[in-house]
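I have placed the structure first, in the form of structure tokens, so that the comments after it can refer back to it.
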Amino acid sequence: MNAAEPQRAAGEAAQDLVLEIAGLEKTFNPGRSNAVPAISDLYLAVRPREFVSIIGPSGCGKSTLLRLVGGLIKPTGGELSVNGRTAGEARLNRDYGMVFQAAGLLDWRTALRNVELPLELMGWSKLRRRKRAKEMLELVDLGGFASHYPAELSGGMQQRVSIARALSFEPSLLLMDEPFGALDEMTREHMQAELLKIWRETATTVIFITHSIPEAVFLSTRVAVMSPRPARIAAELSIDLPERTPQTRDTEEFFRNVSLVRRTLRSVEGQ
Amino acid sequence: MADPSTTRRARARRTLIFAIFLVVLALLYTGYKAFGQAIDDTQRDWWVVGSFLPRSDDKNMPPVLDILAEFGEAPREGGTTIGRLTLDGALFTLREAAVGFAAGTIIGLAIAVVLLQSRRAERGVLPYVIASQTVPLIAIAPIVVVWGRTGLEFLPWEWQDWMSVSVIATYLTFFPVAVNGLRGLQSPSPEATELMQSYAASRRQVLRRLQLPASLPFLFPALRIAATASVVGAIVGEISAGVRGGLGRLILDFAGKYITGPERLYVAIIGACITGLVAVGVVAAAERLLLTRRGIVAQ
Ligand SMILES: Nc1ncnc2c1ncn2[C@@H]1O[C@H](COP(=O)(O)OP(=O)(O)OP(=O)(O)O)[C@@H](O)[C@H]1O
Ligand SMILES: [Mg+2]
């Protein structure tokens, strides 16, 4: 934890940050002939209630970054702390909710029982977790589908169940890896609106990986642009939109932000 | 999810198809028999065909009705009927098979769970599991029985011969369960596994909530194979180890009297088939019970 001191001195106290990454390194198969340097010298800080999108060239290491933050894999160097803990500790403390591109629902469980799963693992009583899971399904507008099995739900509905599941235990950090990547454009826009609503209602901090620039602009308070592999954060852009409604997508303001992000991404890729 | 009336209709249709199948089988049998006999009786010139094809006179192929009548026949005047003897034998064999099947399933799953823990264990042990099945059953059956009679005094209960036959059934059962079980336990996607990790699930929780339920669709085909294998294994085990009371012994006895009364052996064979079908039927019922509640209608 000592190496985090300079960061603290440089700005906010560590408690004020949900996520603090300094000089992060990740090399797969280190020291071997097939070594892949995926992330190198990466810095990122996220404050509570922020919505940070991460965008970057394909294969640059976005998913790797998310899995490092989630404590699913270990960094080969640098500092990473979540609410002042290491990523591994934070994972054991259930600080994260994760949503992947594939909804990853258990197909032998109903929507309701899928949302209950993390609560079950955390030892909640049946009554309490059932009540919470119902509330979460209401939140994602699937109140009427509690007893449906995943095979009976559309892709968008499955992804909403997956979001409800990730939020069910009120994690302080929601990690999303291209959650809407497999959805059609209309469903996608609908889901984005829904996610923003949930984000506002639940006061969660979100780290959101996407390939879509308009999606990043529409959702985020901040967009972090990653460089090609080995990845670092090459640029960070604050997104300032007066409001975020379906109409926002057609405003001058929105287009300006989109083209700003696009130009940044292009210049980063050209480097 | 399936509507109960459609399930009932589907079941009625399956029963009907099975009945038709039995009738067709009996007709084919009778038809071939009549054909063969016609060759034998009238057309001496057909001797070429006649010597190729199995004999079809009443000694070799007793008429279907005679076989059915044999169920009610008693070998000794006023004694137990053949049908009853076969039923008793079938129940005896079914018990051996069921105990062996249960033990084999538990052992097979245990092996699968152990091999799941590391790729190295899997690579190191799996070849031996496969090699275990190349040992000829007929050779080990007498060894297991003798061993059971002499070597197991330390057990709190008295070891009986039928238990040795169960061991043989276990030996045949654990293999498909271990191999398919392992594949099933490994079937969850990396995403699902990482999600469980993100909930800080323990290894045991991952096994119970994710890997075991995910393995069921892989496990049931293996269990169906294991069910027939355990019945066949029990019969073969009884025969080669000389254990009395079951279908194996009955088949041996009836085969000895084949020249004078071939119908009996046919009755015992039918009994063995039904026993195997019952074993598979129980597994299939369990499968329907466990897997239809997944939104995808199981077969
Ligand atoms: N387990 C692993 N072993 C070796 N290399 C890996 C592993 N996981 C990822 N990589 C490599 O690390 C790099 C970054 O992968 P990552 O999945 O993080 O990219 P990404 O930015 O998420 O890509 P995409 O936009 O296509 O989702 C890739 O070159 C990939 O081949
Ligand atoms: Mg990725």
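Protein chains get the first letters and strands the later ones, always in sequence-line order, with residue 1 at the start of each.
A 4.5 Å side-chain heavy-atom check between A:W108 and B:L290 finds every atom pair outside the cut-off.
Atom CD1 of B:I130 has more than 12 heavy atoms from other residues, nucleotides or ligands within 6.0 Å. Around the CG atom of B:L22, the shell of radius 6.0 Å holds more than 12 heavy atoms that belong to other residues, nucleotides or ligands.
Ranking A:G104, A:A102, A:P118 against chain B, the residue ahead of the rest is A:P118, based on heavy-atom pairs under 4.5 Å.
Looking at every heavy atom in both residues, B:M196 comes nearest to A:L121 through CE-CD1, 4.0 Å. Residues A:M98 and B:S198 come closest through the heavy atom pair SD-CB, 3.6 Å.
Interface remark: A:L106 contributes side-chain atoms only to the contact with chain B (heavy atom separation under 4.5 Å). Neither the backbone nor the side chain of A:L105 comes within contact range of chain B; no heavy atoms are under 4.5 Å apart. Using a 4.5 Å cut-off between heavy atoms, B:S189 makes no contact with chain A at all.
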Cut-off 3.5 Å, no hydrogens considered: what does the side-chain donor-acceptor table look like for residues 29-39 of chain A, sequence neighbours left out?
| residue | atom | partner | partner atom | Å |
| --- | --- | --- | --- | --- |
| A:N29 | ND2 | A:N34 | O | 3.3 |

Let me check something: any side-chain donor-acceptor pairs from residues 206-213 of chain B under 3.5 Å, sequence neighbours excluded? List them with distances.
| residue | atom | partner | partner atom | Å |
| --- | --- | --- | --- | --- |
| B:R209 | NH1 | A:E120 | OE2 | 2.2 |

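Distance check, rounded to the nearest 0.5 Å: CD of B:Q205 to CG of A:L117 gives 9.0 Å.
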